[in-house]
There are 2 protein chains.
Amino acid sequence: MPQKKIRNMDELAKVSGISRPTLSKYFNDAASVRDSTRVKVEKALQVFDFRPNVYAINQNRRRTRNIGIVVPYLADPFFTEIGREVELACIRAGYSPILLSSHGSPQLELDNLESLRSLKPAGVLLAPCGDTSDKNAIASFAREIPVVLFDSNIPNIGEAFVGSNNDFSISLMVQYLCRSGQPPCFFEMKTPSNPNALTRRQAYLDSMAKQGETAHVFQVEGQGWNFEEIGSTEGGRLLAQGSFPTNTVLCSNDRLAIGMLAAAYKQNIRVGLDEKSTVRIAGHDDHPFARYTCPPLTTIAQDYVAIAQGAADILFQIIDTETPPSSRVETLLEGRLIMRDSA
Amino acid sequence: MPQKKIRNMDELAKVSGISRPTLSKYFNDAASVRDSTRVKVEKALQVFDFRPNVYAINQNRRRTRNIGIVVPYLADPFFTEIGREVELACIRAGYSPILLSSHGSPQLELDNLESLRSLKPAGVLLAPCGDTSDKNAIASFAREIPVVLFDSNIPNIGEAFVGSNNDFSISLMVQYLCRSGQPPCFFEMKTPSNPNALTRRQAYLDSMAKQGETAHVFQVEGQGWNFEEIGSTEGGRLLAQGSFPTNTVLCSNDRLAIGMLAAAYKQNIRVGLDEKSTVRIAGHDDHPFARYTCPPLTTIAQDYVAIAQGAADILFQIIDTETPPSSRVETLLEGRLIMRDSA
DNA sequence: AATTAAACTTTACGCGCGTAAATCATGATG
DNA sequence: CATCATGATTTACGCGCGTAAAGTTTAATT
């Protein structure tokens, strides 16, 4: 039960009978001091409330224990979850993570990096906005501070990249859709900000070719991160016009699919794999809401726990060894097919 | 185009011809120095890249310009949005906000406050987890640092509270539902962690009495923050059993309603206000996904921009005047009825 | 008991900046 | 031209801690 407040280490040194430099050692690594002194310190800490001043600590350290985490859009539950996993990985490793969102704006992304820079982080885990990101600025930042990218890759920027294998997962989905019904059309935005979208489209084209089926790509207008709106408006329009040559649509991501499902419902189009349904819709990402759509969405689950941990581990290694990997490593993890009712 | 790097203000003083104390003044408030010297400094800054060390600054200031923002669950888009609004309000006022999520855990909530404490924030804006929050610990924290609560109230903790007027909004909804069809039943969790749930239930009972209708409250089991799951499982069960005495259900929040809509769809129960529908479902909060449910959800929109700005403004005033309000202020803002297709 | 490495204490300096006091330069004012 | 307020400069100290060097104690080892 802490009673009297203690203002600094000098005062704690007096009441604990341990010298200040030793206290400094203790707070840096409690295991680095003799057991008997550790006990003395901790006994004093039970009586006197005290924690070292972070600002004074960080001012004097070359590198802090801070790690910056930047995601493009925290209002998207996918990024909230993956961001949280990265946070946890940092905490487990004894770092202080700071999670920031770019809110879909490349400018805010740079602002975030700038404010991180003033925090002298040991490293940064960045899920970039994508094609709209200011690549030169990020590259310049990455020259000062170790950066590991995740989720969305920008070639040659940062020490490493960890993400999901779009080739694998899209091929998995295309195979499933082809063998369980009509081959899928592909639905996406014309100018997607996320580079994953590009690799997914290419993966779709490749997989369809391998299946010996004709590919049909539908690209719609739309800017920003309001994917549900785009899926609903533009996807709904395509459904209404009967534009899709097959009864199956693979959406580039779940949020587009969620919007399209809403539009289908509005038009009284029944979606699903049963006989009464006329359309199948599938997505990608296993968005937290995908199981509550009508009908529940068939999709690909990214292993974001592994992505988060993988990216963090690489960064920790760079920080510990103080040497970047000899060449930039790109790690691609495989997703799982989640079969629900929509396709 | 910054060329040579400058390490501290002393070096900048040399190259700019301005003394260090004056530079310090400049960085604290650029308008506090003479125009001619401001120009000199900024000319030097264009040539030499430099920004003052945050840690050294904050170590020497009594109060920092940091403001902590803690929300209960950042994976809930509602809190992501309101958290973002609070962040923006802080930035506009010249503070450095730090947004943290408790992830539904009262323990993490305390951890967040603890790590904030070491950042010596000028104040904290807290949306507490709710009834599960450790009220004593929060109260003790609030004695050290100015705290303003928002979204969810805990009586007598913090200097003020800003939230939405549940009495008003529930009454608005009940009136609408009663005049447009059968009177609503009320669907909620038995042990909700959020105190808003309690006031909403009471508001429902009061409104129904005022309308001269019989109230029917249905409370279901379920823990944690996975509201969609609870709404789907438990709400779905009630629908299947035909437990609701009227054809209209008012859910305590949108996330429960989203789950219940998914369950209704699965059971082939058509939800909406048209003739073909047999059930009406309404929610509360205008969750970002509420417009993409099947059918789109009728709900109450909280004015979270006003809530965020209101809470922030009160905190700024406390910080500026260095005096808490004479008595704890509770501000309740009125929501708007959002009529969609579900009720 | 003598030896010795490990851990501790003492002393001292530095980090980068806030800030106060005394002094000095500047330009507007009457 | 003298007056004077405003703002700059010089000087100096302090914040709380990291960290290095030199000397001293502790506890394990032979």
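Heavy atoms only: backbone and side chains are in, while hydrogens, waters and symmetry mates are out. Note on naming: letters A, B, ... go to the chains in the order of the sequence lines (proteins, then strands), and numbering restarts at 1 for each one.
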Exercise. Would one find a side-chain N or O of B:Thr22 under 4.0 angstrom from OP1 or OP2 of D:dG7?
Worked result: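 Checking B:Thr22 against D:dG7: no side-chain N or O falls below 4.0 Å of OP1 or OP2.
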Exercise. Can a side chain N or O of A:Ser19 be found less than 4.0 Å away from OP1 or OP2 on C:dC8?
Worked result: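 Checking A:Ser19 against C:dC8: no side-chain N or O falls below 4.0 Å of OP1 or OP2.
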Seminar exercise, completed: Contacts satisfying side chain to side chain donor-acceptor pair (under 3.5 Å) that involve residues 14-27 of chain B (not counting sequence neighbours) are B:Ser19-B:Thr22, B:Tyr26-B:Glu42
For this session: Would you list the pairs meeting side chain to side chain donor-acceptor pair (under 3.5 Å) in which at least one residue belongs to residues 150-159 of chain A, sequence neighbours left out?
Result: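 Residue pairs with at least one partner in residues 150-159 of chain A: A:Asn153-A:Arg328, A:Asn153-A:Glu330.
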For this session: Could you tell me whether B:Ser32 contacts a base, only the sugar-phosphate backbone, or nothing, with contacts defined as non-hydrogen atoms closer than 4.0 Å?
Result: nothing
Exercise. Contact class for A:Ser36 vs. all strands (heavy atom < 4.0 Å): base, sugar-phosphate, or nothing?
Worked result: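 Nothing: the residue A:Ser36, judged by heavy atoms under 4.0 Å, touches no strand.
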For this session: Answer yes or no: is there a donor N or O on one side and an acceptor on the other, between the side chain of A:Asp10 and the main chain of A:Ala13, under 3.5 Å?
Result: no
Seminar exercise, completed: 5' to 3', nucleotides 13-21 of chain D under a 4.0 Å protein heavy-atom cut-off (B base, S sugar-phosphate only, - none) gives -BBBBBB--
Exercise. Does A:Phe79 have any ring-ring contact (aromatic ring centres under 6.0 Å, His included) partners at least two apart in sequence or in another chain, and if so, which?
Worked result: none
For this session: Only pairs at least two apart or in different chains count here, so list each salt bridge (Lys or Arg N to Asp or Glu O under 4.0 Å) that has a residue in residues 306-316 of chain B.
Result: none
Provide, to the nearest angstrom, the distance between the [atom1] atom belonging to [X] and the [atom2] atom belonging to [N].
| X | N | atom1 | atom2 | value |
| --- | --- | --- | --- | --- |
| B:Tyr26 | D:dA8 | OH | P | 13 Å |
| A:Asp35 | C:dA6 | CG | P | 16 Å |
| A:Arg34 | D:dT25 | CZ | P | 13 Å |

Just list the side-chain donor-acceptor pairs under 3.5 Å for residues 119-134 of chain A, sequence neighbours left out, or say none.
unit_1: A:Ser133; atom_1: OG; unit_2: A:Glu109; atom_2: OE1; d: 2.6
unit_1: A:Ser133; atom_1: OG; unit_2: A:Cys129; atom_2: N; d: 3.2
unit_1: A:Ser133; atom_1: OG; unit_2: A:Gly130; atom_2: N; d: 3.1
unit_1: A:Ser133; atom_1: OG; unit_2: A:Gly130; atom_2: O; d: 3.2
unit_1: A:Asp134; atom_1: OD1; unit_2: A:Asn136; atom_2: N; d: 3.3
unit_1: A:Asp134; atom_1: OD1; unit_2: A:Ala137; atom_2: N; d: 3.1

